[in-house]
Q: 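Attaching a single structure in structure tokens format; questions to follow.
Convention: sequence-line order gives letters A, B, ...; per-chain numbering from 1. Note that the coordinates shown come from a computational prediction; the quantities given were computed from them, not determined experimentally.
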There are 2 protein chains.
Amino acid sequence: MPNEARPSSGEQAKQLALTRLRQAIMHGEMAPAQRLVENELAERFGVTRASIRAALIELEAQGLVERIRNRGSRVRVVSVEEAVAITECRMALEGLCAAKAAVAVSDEQLAELTGLGTAMQKAVADGEPVTYSELNHALHARIREFSGQRTAVELLERLNAQLVRHRFQLALRPGRPQQSLKEHLAMIEAIRARDPQAAEAAVRAHLTSVIDALRD
Amino acid sequence: MPNEARPSSGEQAKQLALTRLRQAIMHGEMAPAQRLVENELAERFGVTRASIRAALIELEAQGLVERIRNRGSRVRVVSVEEAVAITECRMALEGLCAAKAAVAVSDEQLAELTGLGTAMQKAVADGEPVTYSELNHALHARIREFSGQRTAVELLERLNAQLVRHRFQLALRPGRPQQSLKEHLAMIEAIRARDPQAAEAAVRAHLTSVIDALRD
DNA sequence: GCCAACAGAATCGTTGACAATCTTGCTTCG
DNA sequence: CGAAGCAAGATTGTCAACGATTCTGTTGGC
């Protein structure tokens, strides 16, 4: 499970609706462009419309849902061009994070990155694209985290949430993990060398490759 | 209330509450960390609490308001460190926009940028920091716009909204406009030369200087 | 046969009231 | 005199009902 969002017991109605709706969208349980009728969701989740409404407003602000006045909400679909534009933003922000992380990273954190790297190699060797995709996600998340750039991390998480569908399709493409693996290992290597410029360059190279792949 | 920017007549209650609250915060009518009691706001704006609540949820997602469960909302205060972190993100994203703009810009748009540049020179010469600050804001906004990067523009507008207070304080500091002017003219020059790398470098140099100034 | 007006259904927006929670100030006991 | 406990007040969270808007399918006229 790449993301947090555990509906802990003492949760409030709105929070529960928010986390469950978010998970449903991110796990692909809701088809893209599917209508999200407030009454249905309220009944499904056992909360009132007000809570669903609050959750939808928040999801709209996060770019996961599209709302039109008096017409309703639907799961937002991101076109390929939009996915490219989002990835370009990721390139700028993750580049920043990688550079910062290369300077700030601790030895234990370096060990964790190295471990992720070998796990990714194993996943590719074993031909397990789903595992690889999860490790991929985890690696990016860890690097962001290690940078200590709270603002950038927040923005990146918003952006990534919008890409779930595309990310998945990408990981399942034959040959893609092999290509991607090399770039990821280069990122790890640059951070291990504590070289901020090299780390930023490696991340940018990787995401440039992602953009090319997105465009088919 | 000197609030223009009409919440156009046919506007819905929630939209009205949102625009007015947003303006009030951005114009500094609400002291930082001021409590935002839903009932008070509802009465002040002549709408119901539900509309205020919806507006507050949206403003929280935009980073302008802080909400704590069962405790209420307040205007979010951004510390200096946070302002620096935000500006670092701006550096990454505006750098991207400037590079794209340098390639995509049209001749009329170039003329507009040049015009802004001369207006800024005049404002500095006449010693009008407020006018300069507005032109500054306009220049950055135009460059973003000309890049055509919708996603990046959206993120940047969110980030900028959080900086209003700091931006103001910066513009009024003696000597700052003179320093800033040179950097802005360099940005314009690089875009006129349609040189993406130079444009990105100029923006980054400018925002690095802003960070130094923020830190005092 | 085609288009415009119209009624009905579906859905969202708004309202006022009630419940849950937190804060604050007072009281009481050690 | 100080601290724990309690009660009142303030504020947010939740709810169910009402009103407004948009969509859809049908009917009537041309």
Side-chain angles (χ1 to χ4, degrees), chain A residues 4-25 29-77, chain B residues 6-25 29-77:
Chain A
E4 76 311 327
R6 69 230 166 270
S8 75
S9 55
E11 205 125 12
Q12 232 39 245
K14 176 212 149 189
Q15 276 308 318
L16 184 139
L18 182 64
T19 37
R20 293 209 37 195
L21 234 181
R22 194 186 161 95
Q23 283 219 337
I25 294 177
E29 292 168 32
M30 312 289 212
Q34 172 168 346
R35 288 196 65 187
L36 299 173
V37 179
E38 297 180 357
N39 267 326
E40 287 177 15
L41 297 175
E43 191 175 0
R44 160 119 76 112
F45 295 150
V47 300
T48 54
R49 258 186 67 211
S51 308
I52 294 289
R53 227 155 190 309
L56 285 174
I57 291 175
E58 203 159 329
L59 288 174
E60 181 190 26
Q62 290 179 16
L64 286 179
V65 160
E66 194 178 20
R67 277 163 41 93
I68 311 179
R69 265 197 19 134
N70 286 317
R71 291 242 242 141
S73 315
R74 49 185 61 213
V75 179
R76 197 169 87 89
V77 282
Chain B
R6 293 312 308 153
S8 67
S9 54
E11 205 122 16
Q12 231 42 247
K14 179 214 148 186
Q15 274 309 318
L16 184 138
L18 182 64
T19 37
R20 293 210 40 194
L21 233 180
R22 194 188 164 94
Q23 284 220 335
I25 295 176
E29 293 169 32
M30 311 290 213
Q34 174 168 345
R35 286 197 66 188
L36 299 174
V37 178
E38 297 180 356
N39 269 326
E40 288 177 15
L41 296 174
E43 191 175 2
R44 160 120 76 111
F45 296 149
V47 300
T48 53
R49 252 186 71 211
S51 308
I52 294 288
R53 267 170 93 63
L56 285 174
I57 291 175
E58 204 158 329
L59 287 174
E60 182 191 25
Q62 290 179 16
L64 287 178
V65 161
E66 196 177 18
R67 276 160 44 91
I68 310 178
R69 266 193 28 140
N70 287 319
R71 292 245 237 140
S73 316
R74 46 186 61 211
V75 179
R76 199 169 86 89
V77 283

Q: Under the side chain to side chain contact (heavy atoms under 4.5 Å, CB included) test, which residues partner B:Glu40, sequence neighbours left out?
A: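 For B:Glu40 the side chain to side chain contact (heavy atoms under 4.5 Å, CB included) partners, ignoring immediate neighbours, are B:Val37.
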
Q: What's the separation between atom CD in B:Glu29 and atom CD in B:Gln23, rounded to the nearest 0.5 Å?
A: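 B:Glu29 CD to B:Gln23 CD: 8.0 Å, rounded to 0.5 Å.
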
Q: Shortest non-hydrogen contact from A:Val77 to A:Pro32?
A: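 In this case the closest contact between A:Val77 and A:Pro32 is CG1-CB, 3.3 Å.
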
Q: State, to 0.1 Å, how close A:Ala61 and B:Ala61 come at their nearest heavy-atom pair, and which atoms those are.
A: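 Looks like CB-CB, 3.3 Å.
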
Q: What is the bend of the helix from C:dG1-D:dC30 to C:dG30-D:dC1 when you compare the axis at one end with the axis at the other, using five pairs each and rounding to 10°?
A: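 It works out to 0° between the end axes.
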
Q: Residues two or more places apart in sequence or in another chain: which of them pass salt bridge (charged side-chain N to carboxylate O under 4.0 Å, His left out) with B:Glu38?
A: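 For B:Glu38, the residues satisfying salt bridge (charged side-chain N to carboxylate O under 4.0 Å, His left out) (neighbours in sequence not counted) are B:Arg49, B:Arg53.
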
Q: I would like to know whether A:Val47 and A:Arg20 meet side chain to side chain contact (heavy atoms under 4.5 Å, CB included); could you show each step before the answer?
A: CA-CA 12 Å; A:Val47 300; A:Arg20 293 209 37 195; over 6 Å; no

Q: According to salt bridge (charged side-chain N to carboxylate O under 4.0 Å, His left out), who are the partners of B:Arg76, at least two apart in sequence or on a separate chain?
A: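 Expected list: B:Glu82.
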
Q: Which two nucleotides bound the region of DNA chain D that has atoms under 4.0 Å from heavy atoms of chain A, read 5' to 3'?
A: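 It runs D:dG13 to D:dC23.
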
Q: Surrounding CD of B:Glu43 (heavy atoms of other residues, nucleotides or ligands, distance under 6.0 Å), is the total greater than 12?
A: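 For B:Glu43, atom CD is not crowded (no more than 12 foreign heavy atoms under 6.0 Å).
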
Q: Using the side chain to side chain contact (heavy atoms under 4.5 Å, CB included) criterion, which residues pair with A:Glu58? Sequence neighbours excluded.
A: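 Only A:Lys14, A:Leu18, A:Gln62, B:Ile57 meet the side chain to side chain contact (heavy atoms under 4.5 Å, CB included) criterion with A:Glu58.
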
Q: Which two nucleotides bound the region of DNA chain C that has atoms under 4.0 Å from heavy atoms of chain B, read 5' to 3'?
A: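 Boundary nucleotides touching chain B, in 5' to 3' order, are C:dG13 to C:dT23.
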
Q: Please report the interatomic distance CD1(B:Ile25) to CG(B:Leu36), rounded to the nearest 0.5 Å.
A: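 Answer rounded to 0.5 Å: 6.0 Å.
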
Q: May I ask you to list the residues of residues 29-50 of chain A, by number, that have any heavy atom positioned under 4.0 Å from an atom of DNA chain C?
A: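 Those residues whose heavy atoms fall under 4.0 Å from DNA chain C, taken from residues 29-50 of chain A in numerical order, are A:Arg35, A:Leu36, A:Val37, A:Glu38, A:Arg49.
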
Q: Just jot down the salt bridge (charged side-chain N to carboxylate O under 4.0 Å, His left out) partners of A:Arg67, sequence neighbours excluded, or say none.
A: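 Expected list: A:Glu60.
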
Q: Would you check, one step at a time, whether the test side chain to side chain contact (heavy atoms under 4.5 Å, CB included) holds for B:Leu21 with B:Leu64?
A: CA-CA 10 Å; B:Leu21 233 180; B:Leu64 287 178; over 6 Å; no

